[in-house]
Structure formats: structure tokens, C-alpha cells
Amino acid sequence: MEVYYQSTRQNTHGIEAKAAVLQGISPDGGLYVWPNLGEEKLDLNEVCKSDYKGIASMVFNRLLSGYSQQELEECIDNAYSHTFKVDQPDTITPLATVGDVEVLELFRGPTSAFKDVALTILPWFLSKALAATNKKALILTATSGDTGKAAMSGFQDVDHTGICVFYPDGKVSAVQQKQMASQPGKNVRVFGVQGNFDDAQSMVKKLFLDEELRERLAREQIVLSSANSINIGRLIPQIVYYFDAYRQLVCKGKIAIGDSVSFSVPTGNFGDVLAGYYASLMGLPVEKFYVASNANNVLTDFLKTGVYDRNRPFIQTISPSMDILISSNLERLLYYASGKETDKVAGWMNDLATKGFYELDKQTKEIIQSMFKGGYYEDEALRKTIKDTYDATGYVLDPHTAAAYALAKEARKDSKVPVIALATASPYKFTQDVLEALGISQEDPWKAMEQLSAMHDDPIPAPLAALQNAPILHDAVIAPEEMKESVAAKALEIFQ
Ligand SMILES: *Cc1c(COP(=O)(O)O)cnc(C)c1O
């Protein structure tokens, strides 16, 4: 079946997958969706006979028509053959049994964060889409710490692409700063920006809208692009590990093919859990999705009441990647759950932009509540979960995973089906907070890693261990007003 992507906000004629990957967001502000998703299911018997890369191939062939089979195989191979460090040969996202919950480890990639699963392959999807056009793409990313590193690592030396990352100088952790400053790659540039994250972020948004910059770059066949989590090229790779988790449970003899399972997902922008919903539309038997949040509990309230209300204080927590008040990818769930009523979706999104809240109709609300249940945990509860889990099992959770694990435990009490909690970061990415939860305070981040590694079986990931002595390759610090000229100059340098 040919696949065409259209906006969540308007029934326009669709565009091909390659164009959707290049554009990222629809010009009307909506997100790209494929209306017929779910009309053809994946064959679970085939899935369970396959391995991670085989399942990736099935999912991508279904959703990325326009890419040849060979192009997709090259993307899969480049992204997943040498980058993830796991013992099992058949997966890149292993399943660990921790107490009575299955933990899906998504953090075995190059930067020890689950975003690696998508950011290792998105650059190759982009590169193949660009190859047909003779254009080159310069990715601009403002980062509060984590996404920038995962994006640079993914784009490093990928043909037809370059990347400029901007982080707030002095406002990221010592480890994050070192991760970015030591990033190699001929097509990679990193800048500290004076000010805070919002200053860098607003300037990046301005640069995307700057006609003069656009024209200047267009003369060199360069387009500006983003690696944002609303791009279908980031969403689709995440569907794969839901099927692969199911396959692993079948292989372990814990379920039979056709049995249902539930997932508990630490959620920020709603991309990860939405990919699970896509997997269920494509035939994965899922009973419930548990949406785990931290003290920023806008989604927990939404799933209970059908009212999404962002008018509340923003709270900084020990699980910063979930400190979000606007979950962009939720828009795609609204599209499918409302019966593809683009006018309704556009109305809700307009309410959100103008009033800061919207309310679902009864029917859409009930459809969503039949599949999704929310729960949230404040920092103290997350610390307690980390401590209790370590004491009971010896397994160390990071603060994001702890939210999913706590909610999975809760669900397990009255659930007859296995619950799989998604582990989105290595505890070594948040070592000091994790150690503190375990009752140890350590000021030095490098010593903290060693202390944590002495406490359990899982060694420090090699890239993090190597970081302390890695050479600094980027040390520029600029003012926000200098970002535009820096981008223009670096674009020429990278693509000369
Ligand atoms: C990004 C991130 C999340 C949230 O994922 P979404 O797709 O935005 O819901 C959760 N945990 C970690 C560690 C992350 O980096």
C-alpha cells in the first residue's frame, strides 16, 4: 500500500514519506500522520521469528514507502550494527526481569539515552531523502543538555548533513558539557550561548523563520532542518522496540503469541508512548498503556478528566527530560482517537495556543481512557522507588525509568498480563541523583560513576568512562545575537 502523510489539522492531499522526513512539520502547524495506519497488521508469527533489525525492516517497509528496500536496509545497518552495546545478538533493546516487572532497556546506545534509538537512524533517513535532491541539510538544535549530544552523535559524518548545536553556557551539568565539547565529526559544530535555554531556543526558532538567512543558504543548496521529536523519522523507529519487546517475552516463554501485554512509559513529549500506540494499531496486542509522569502531572490530569490544562507552574525535577507542560505528540493521538476529525484537532490546538487549555468531547475522551491510564511521582517518591528497587533486586533505575517502574508496580497489582516498563536512560547519566537516592552524596561526577559501578553488575558505559580525559574540540561561547552569522559561516565551512 502506498503511504501518504497528511496534517493532523487539515484533510489535504498527502506527501510521500521522504518529503515528510525532510519537512518535519506540516506548514499549517500540524503533525504528519498516515490516515490508513493500522489497516494492514504486521504478522505476529513473522515478528516472533525475526530479530530487532528484521522487525525494523517490516515496520519501515510498511510506513516509509518511497524508500527502496535497499535504502532501508542500509539505514538499519548504519544505525544499529555497531552502535549499541548489548550481549544478545538479536536485539539492541534487551529486556531485563526486575521483580515482577519486565524492564525494556532502551539506553544501550552511544549516549546512554533512549533517544539514541531514533537519533542514530533519523540522519540516514534524511541523508537518503536528500540524495535524490542534490540538496544538503543543516540541522539546528537548541538543547538543555541531553538531546544535543544524542543528535550530534547520530549526525556525525552522515553524508549531505551537518549539525549546529547550541546549549546555555554554564547551565548544563559538567558531564553534559564535556559530552558536547568533546564531540568529534567533520560536520558537527557546538556553541555555548550566553543566557539560558530559552534564549538559545527562541533564537533557533527565529533562525528557522529568517528569510534572508534562508535565501543565503539556498544559493549553496543548503536547507535548514531540525531533528525534533515530531518528525516521523524519529517516531517510526520507536515502534520497532515495542514489537521486539513482545518477541523477547515470547522467546522467554513468558507469553504465547497472541497474548496481551501492557506497557508503562516515562513520558514527556508523548513521542515514546505514542509509538507504542502506533504498534498497537499495527497489530501488537496491548491491554493498556500506563503514562508515567513526574511532578509536572499535566498528562495524569488529562487522562483522568479529558481536560488538558497547561496553566500551572513548571516544576524542575530530578527527571528533567519529563519536565514538560506541552506534550506535542499528543496531537497525533487526538487525531486517531477523534476518528481523524482534523477540524476538531485544529480547534483543540488553537484553544491550547490561545487559552492554554482544551477539553475533549465525551467520545474521544472515552476512547483514550480505554487505552491509557496516567500516574505521577514527585521526586521523593522517585528516590524511594530507586532505593526500594535496589534493595529488593540489586537493579539500579534512573529517575525517569523509576517513574515508569513505580507505575508498572502499581498496575501489576490488578493486572493479569505482563507489564513492560520502558527504561529511557542509563543510571550513569544521572549518577549523582541516583547515588543520593541510595543514601550517598558525592560532589565529583566522575567519582560518583565509579562508586555506582562498584554497587551493581552493570559497568560504566564506555563512552561515559572515556569522557573524563576526552580532548575538548569545541570551546566557542557566543551571544544569542551572534548565532545567525555563526550558522551562516559554519554552513559554508561544513559543506565546502
Ligand atoms: C526524552 C526522554 C523522555 C520522554 O520521552 P518522550 O518521547 O518525550 O515522551 C523520558 N526519559 C528520558 C530519559 C528522555 O530522554
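Start at 1 with the first residue, then count along the sequence. We count ligands from 1, going down the list as the structure has it; atoms in each ligand are counted the same way.
The part of Lys115 lying near ligand 1 is the side chain, judged by heavy-atom distances below 4.0 Å. Of the heavy atoms in Phe114, only side-chain atoms (C-beta onward) come closer than 4.0 Å to ligand 1.
Between Ala425 and ligand 1, not a single N/O pair is under 3.5 Å apart. Considering backbone and side-chain N/O of Phe270, one or more are found under 3.5 Å from N/O of ligand 1. For Thr424, a nitrogen or oxygen atom sits less than 3.5 Å from a nitrogen or oxygen atom of ligand 1, counting backbone and side chain alike. Of the N or O atoms in Asn269, one or more lie within a sub-3.5 Å distance of an N or O in ligand 1. Considering backbone and side-chain N/O atoms, Gly268 comes within less than 3.5 Å of an N/O atom of ligand 1.
The six-membered or imidazole ring of Tyr358 lies near that of Tyr308, with a centre-to-centre distance under 6.0 Å. In this structure, the ring of Tyr278 has its center no less than 6.0 angstrom from the ring center of Tyr242.
For Lys18 and Tyr67, the positive end sits near the middle of the six-membered ring, less than 6.0 Å away and at most 45° from its axis. In this structure, Lys387 fails the cation-pi test against Tyr390, since its NZ or CZ atom is not both closer than 6.0 Å to the six-membered ring centre and inside 45 degrees of the ring normal.
With respect to Arg383 and Asp433, no salt bridge is recorded, no charged nitrogen being found less than 4.0 Å from a carboxylate O.
Looking at Asp146 and Gln176, their side chains do bring a donor and an acceptor atom within 3.5 Å of each other.
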